[in-house]
Amino acid sequence: MSGGVEWGLHCCVVLSGSGEPVPAARLAEFHDVSATYLAKQLQALSRAGLVRSTQGQAGGYALTRPAAEISVLEVVEAIDGADPAFRCTEVRQRGPLAAAPEACTRPCGIAAVMGAADRAWRESLRAVTIADLAADVTRTVGVDTLPRARAWLTR
């Protein structure tokens, strides 16, 4: 998973309660990350329909749906793509004792276990929303953390 996923998730969490769009440069300054790097992550989120960009003096980024309706998996897939982490290359059909393709009608044990792990990982991420992450910030860092962050972002 790329580092962009972490930045994208952090941006979505701070945008979750913002009543107005937040400029990308402000989000970058807040997270102490390159504005051009963060802009790429925000553009990926925008292409996926998770955030929208507005132009002008009051422009910036905002979530397109309530935070409770955006899963962590959606953010991961927006930034890193939906391809599985493991790609079977049919190693068993290579080398001096290669299995014939017609003998390989079912996935091998490695492909099966990796596919199952990928499905479980995606289900786990699908079950957590941006609102859940924001609630966790409130529980673990303090109730005033997100309101202070949102005030700083929009000043």
Side-chain angles (χ1 to χ4, degrees), residues 1-91 107-155:
M1 198 176 323
S2 74
V5 169
E6 182 177 13
W7 295 114
L9 287 166
H10 276 281
C11 285
C12 287
V13 168
V14 297
L15 291 173
S16 69
S18 182
E20 56 191 74
V22 178
R26 197 76 174 143
L27 285 165
E29 182 182 0
F30 180 77
H31 289 106
D32 192 26
V33 66
S34 156
T36 54
Y37 177 76
L38 192 62
K40 290 178 187 176
Q41 313 321 315
L42 291 166
Q43 289 166 0
L45 294 172
S46 181
R47 281 190 301 276
L50 302 177
V51 299
R52 72 176 171 281
S53 172
T54 55
Q55 302 299 316
Q57 189 170 348
Y61 286 90
L63 297 180
T64 58
R65 303 190 311 257
E69 296 177 13
I70 299 173
S71 74
V72 170
L73 180 63
E74 289 179 280
V75 174
V76 170
E77 289 182 342
I79 293 173
D80 278 356
D83 291 339
F86 176 81
R87 288 181 188 81
C88 178
T89 60
E90 280 299 346
V91 170
C108 73
I110 294 168
V113 75
M114 297 303 274
D118 189 70
R119 287 187 297 280
W121 176 77
R122 290 176 190 281
E123 247 343 278
S124 177
L125 296 179
R126 186 178 288 114
V128 179
T129 67
I130 298 301
D132 295 330
L133 295 178
D136 188 62
V137 168
T138 298
R139 273 192 310 277
T140 60
V141 184
V143 70
D144 65 332
T145 301
L146 284 176
R148 285 180 44 237
R150 292 169 185 141
W152 186 92
L153 287 164
T154 57
R155 68 173 173 162

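Just so you know, these numbers come straight off a predicted model, no measurement behind them.
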Counting heavy atoms not belonging to Arg87, are there more than 12 under 6.0 Å from its CZ?
-> yes
Smallest heavy-atom separation, Ser18 atom then Val22 atom, equals OG-CG2, 3.6 Å
Mind checking the CG-CG spacing from Leu15 to Leu42? Nearest 0.5 Å is all I need.
-> 7.5 Å
Any side-chain heavy atom of Ser71 within less than 4.5 Å of one from Leu125?
-> no
Does a side-chain heavy-atom distance below 4.5 Å link Leu73 with Val128?
-> no
Would you check if Leu133 and Leu9 make a side-chain contact, meaning some heavy-atom pair closer than 4.5 Å?
-> yes
Would you check if Tyr61 and Leu38 make a side-chain contact, meaning some heavy-atom pair closer than 4.5 Å?
-> no
Any sub-3.5 Å donor-acceptor pair from Ser2's side-chain atoms to Asp80's backbone N or O?
-> no
Nearest-0.5 Å distance, CD of residue Glu29 to OG of residue Ser34 | 13.0 Å
If we only count heavy atoms from C-beta on, is the Asp118 to Phe86 side-chain gap below 4.5 Å?
-> no
Has the side chain of Arg155 got a donor or acceptor atom that lies under 3.5 Å from a matching backbone atom of Ala151?
-> no
Would you give the length of the straight line joining atom CD of Gln41 to atom OG1 of Thr36, rounded to the nearest 0.5 angstrom?
-> 10.0 Å
Measure the spacing between NE2 of His10 and CD1 of Ile130 and express it to the nearest 0.5 Å.
-> 10.5 Å
Where do Ala48 and Ala78 come nearest, in terms of heavy atoms and distance?
-> CB-CB, 3.5 Å
Which pair of non-hydrogen atoms, one from Ala112 and one from Arg119, has the smallest distance, and what is that distance?
-> O-NH2, 4.4 Å
Is the backbone of Gly4 close enough, under 3.5 Å, to the side chain of Tyr37 for a donor and an acceptor to pair up by distance?
-> yes
May I ask you to test the Val75-Val72 pair for a side-chain heavy-atom distance under 4.5 Å?
-> no
Would you call the rings of Trp152 and Phe30 parallel, tilted or perpendicular if under 30° counts as parallel and over 60° as perpendicular?
-> tilted
Spatial distance of atom SG (Cys11) from atom CG (Leu50) [nearest 0.5 Å] = 12.5 Å
Going by heavy atoms in the side chains, are Val91 and Ile110 under 4.5 Å from each other?
-> no
Any side-chain donor paired with an acceptor under 3.5 Å for Thr154 and Arg26?
-> no
Minimum side-chain heavy-atom gap Ile79-Leu45 below 4.5 Å | yes
Nearest heavy-atom approach of Val14 to Ala149 is CG1-CB, 4.5 Å
For the pair Ser53 and Gln43, evaluate side-chain contact (heavy atoms from CB on, under 4.5 Å) and give the outcome as yes or no after the intermediate values.
-> CA-CA 9 Å; Ser53 172; Gln43 289 166 0; over 6 Å; no
